Protein chains: 2
Amino acid sequence: MRGPPVPGRAAQGRTLRRVTGTRPPAPEGERPAGGARERRARPAYDPSSLVEVAAQVFNERGYDATSMEDLSAAAGITKSSFYHHVRGKEALLRAALERALDGLFGILDEPAASTGTPLTRLRHIVRRQVEVLAAELPHVTLLLRLRGNTETERWALERRREFDAAITRLVRDAQTAGELRTGSDPAVDARLLSGLVNSLVEWYRPGRMPVDALASEVDRMAFEGLRAHVPAGEARPS
Amino acid sequence: MRGPPVPGRAAQGRTLRRVTGTRPPAPEGERPAGGARERRARPAYDPSSLVEVAAQVFNERGYDATSMEDLSAAAGITKSSFYHHVRGKEALLRAALERALDGLFGILDEPAASTGTPLTRLRHIVRRQVEVLAAELPHVTLLLRLRGNTETERWALERRREFDAAITRLVRDAQTAGELRTGSDPAVDARLLSGLVNSLVEWYRPGRMPVDALASEVDRMAFEGLRAHVPAGEARPS
DNA sequence: GTCTATAATCAGATAGAC
DNA sequence: GTCTATCTGATTATAGAC
């Protein structure tokens, strides 16, 4: 907990927020039978849903600031009931990170990721990266905010570096092929590109705008820039 | 602490890393007199240095995962001695965030921030933002990773939103003036631009490349894009 | 499957000797 | 100014009743 020792929890600066957001309904058979529970809209209890709930709370509060009490409250059950479903805090983290990494590495396995010129492939990967990021928003967000404190975090960071390395190779190839700007270090350009894409998790929320529109704007900015383009033949604004 | 209860601290997954990185030398008179201390390169004890050390450790481990023990160890003294210099964990956080915010808002007060066309002003601000980010790297990094758990964090987030709003207004003005691309929401473009700039804290380290070179690459990417530009008159690659 | 109660440990912060 | 020793409360995790 934070701040000086204060009697009541309400006196602390920390705000208890509840996870909102829609979630896929759990299989009916998995629901607890005696629906005597009176809490507000409570998430289902199947493992996959619990991971998603946990990822949401981790992102809102930060992994370290999140207590098992916070997680169980978000799931609508007590802490010890929560432990009945989950091995521990770090197991939840790992499951969420695996989902994010599976999504990202899945992109590299797609046929379009190895078809065409380097730039064509790169643009496909960027577009798909935006889509995976939107589809797995809480899990990817979690992945991008890791500090590397635990063994699980370091494992995920290592896999993330492998993904980034694939992007860097592709940027280098595209520059060599004359499809990307010259005069800059491809490793730097790859980091700028990844930074741009990854920064979406800080503000994009589903429903804010269609995912394919977002992907198009990111693609345009990354490769053509924000500046207005003058029609061919006209003079460039000084 | 993390993981199941284990006897020894060494058995935990957490790695104790020491703050490296160079620091401006403290005024000689501020150093403790009897240099009997035998630890490795230890930072000075003046308040400003302690804030910088704290910001570094906060960034490495995350604010919540950082204990006062971690901070005092990084400073080379015991926890209770550390408390002699500092009011508490949150006071350190606030001091670091103030430094970051002062740097950023200082940019908006510069004459060049309100001289010329919207695009000229925007480009100046972006360049200066990269420079401030590099000069105040640990403090700005901390600012960009806030979750809003405490009152201090929420205060800083609110000020950061004000800064972002200024950028958004400028992007809108530049688009209206025909200097930026059309067909996209200026609020989205502003977020993409800020996301690109802010993502630097995730990888840029002083000494990796000169700051002005970095600023130029960011400027070029943001406004012209990564794609190779064909000389005027030639056909655009399909 | 869920609960109350509690164990074991670690956090931020302080007291008081030197 | 620094230290050892300690307080208070929160944290992860478990025991065992229902």
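A, B, ... follow the sequence lines: proteins, then strands. Residue 1 opens every chain. If you're wondering where the values come from, they're calculated on a predicted model, not measured in any experiment.
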Between atom [atom1] in [X] and atom [atom2] in [N], what is the gap in whole Å?
X	N	atom1	atom2	answer
A:Met68	D:dT12	CE	P	7 Å
B:Glu69	C:dG12	CD	P	9 Å
A:Asp70	D:dT12	CG	C1'	12 Å
B:Leu92	C:dA13	CG	C1'	13 Å
B:Arg87	C:dT14	CZ	C1'	16 Å
B:Glu90	C:dA11	CD	P	18 Å
B:Asp64	C:dC10	CG	P	18 Å
A:Phe82	C:dG1	CZ	C1'	14 Å

Among residues at least two apart in sequence or on other chains, which ones pass ring-ring contact (aromatic ring centres under 6.0 Å, His included) with B:Phe105? B:Phe163
Answer yes if the side chains of B:Asp219 and B:Ser216 hold a donor-acceptor pair under 3.5 Å, and no otherwise. no
For B:Thr150 and B:Glu153, test the side chains for any donor-to-acceptor distance below 3.5 angstrom and give the result as yes or no.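 B:Thr150 vs B:Glu153: donor-acceptor pair found between side chains.
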Any side-chain N or O of B:His84 less than 4.0 Å from the OP1 or OP2 oxygen of C:dT14? no
Under 4.0 Å: is that the gap between some side-chain N or O of B:Tyr83 and OP1 or OP2 of C:dT14? no
All side-chain contact (heavy atoms from CB on, under 4.5 Å) counterparts of A:Ala187, not counting sequence neighbours: A:Thr168, A:Asp185
Residues in salt bridge (charged side-chain N to carboxylate O under 4.0 Å, His left out) contact with B:Arg94, at least two apart in sequence or another chain: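 With sequence neighbours excluded, B:Arg94 shows a salt bridge (charged side-chain N to carboxylate O under 4.0 Å, His left out) to B:Glu98, given in chain and number order.
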Could you list the residues that satisfy side chain to side chain donor-acceptor pair (under 3.5 Å) with B:Asp164, not counting sequence neighbours? none
Closest to the B:His85 side chain: C:dT2, C:dA13, D:dT2? D:dT2
When you compare the protein's N or O atoms with those of nucleotides 4-7 of chain C, which come within less than 3.5 Å of each other, and at what distance?
from: C:dT4; atom 1: O4; to: A:Ser80; atom 2: OG; distance (Å): 2.5

Counting only pairs under 3.5 Å, give me each side-chain donor-acceptor contact of residues 133-140 of chain A, with atom names and distances, residues two or more places apart or in other chains.
from: A:Glu136; atom 1: OE1; to: A:Arg99; atom 2: NE; distance (Å): 3.0
from: A:Glu136; atom 1: OE1; to: A:Arg99; atom 2: NH2; distance (Å): 3.2
from: A:Glu136; atom 1: OE1; to: A:His139; atom 2: ND1; distance (Å): 3.0

